[in-house]
Amino acid sequence: MGKKPEVTEEMINAELAGLDYKRAAGIVTVENGLTAWGVFFAVLAANLATGVVVGIILWLIYALGS
């Protein structure tokens, strides 16, 4: 079997420098790789979907009640 790749101090420093650069540029990522804009649009879509479901339920209550 092959050798395990070795994590060096240079690799760690490069990763930390990349994170600092992204933070300074205003690019925020979460664990699964989504940016802040991705999270924003995901929450927006969830809220719109909830509004549609609530609207359909209210419309059915109104339609069946009259």
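Keep in mind that the numbers below use all heavy atoms, side chains included, and drop hydrogens, waters and symmetry copies.
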Provide the closest heavy-atom pair for Met11 versus Glu6 in the form atom of the first, atom of the second, distance.
SD-O, 3.5 Å

Taking the six-membered ring for Trp, is the centroid-to-centroid distance between Phe40 and Trp37 below 6.0 Å?
yes

Kindly write out the residues that satisfy side-chain contact (heavy atoms from CB on, under 4.5 Å) with Ile56, not counting sequence neighbours, or none if the list is empty.
Val52, Leu60

Once side-chain contact (heavy atoms from CB on, under 4.5 Å) is applied, do any residues pair with Val43, and if so which ones, sequence neighbours excluded?
Val39, Asn47

With side chain to side chain contact (heavy atoms under 4.5 Å, CB included) as the test, pick out the partner of Glu10 among Asn13, Thr8, Ile12.
Thr8

Common cluster, Leu64/Ile57, ILVMFWY with side-chain heavy-atom separation under 4.5 Å
no

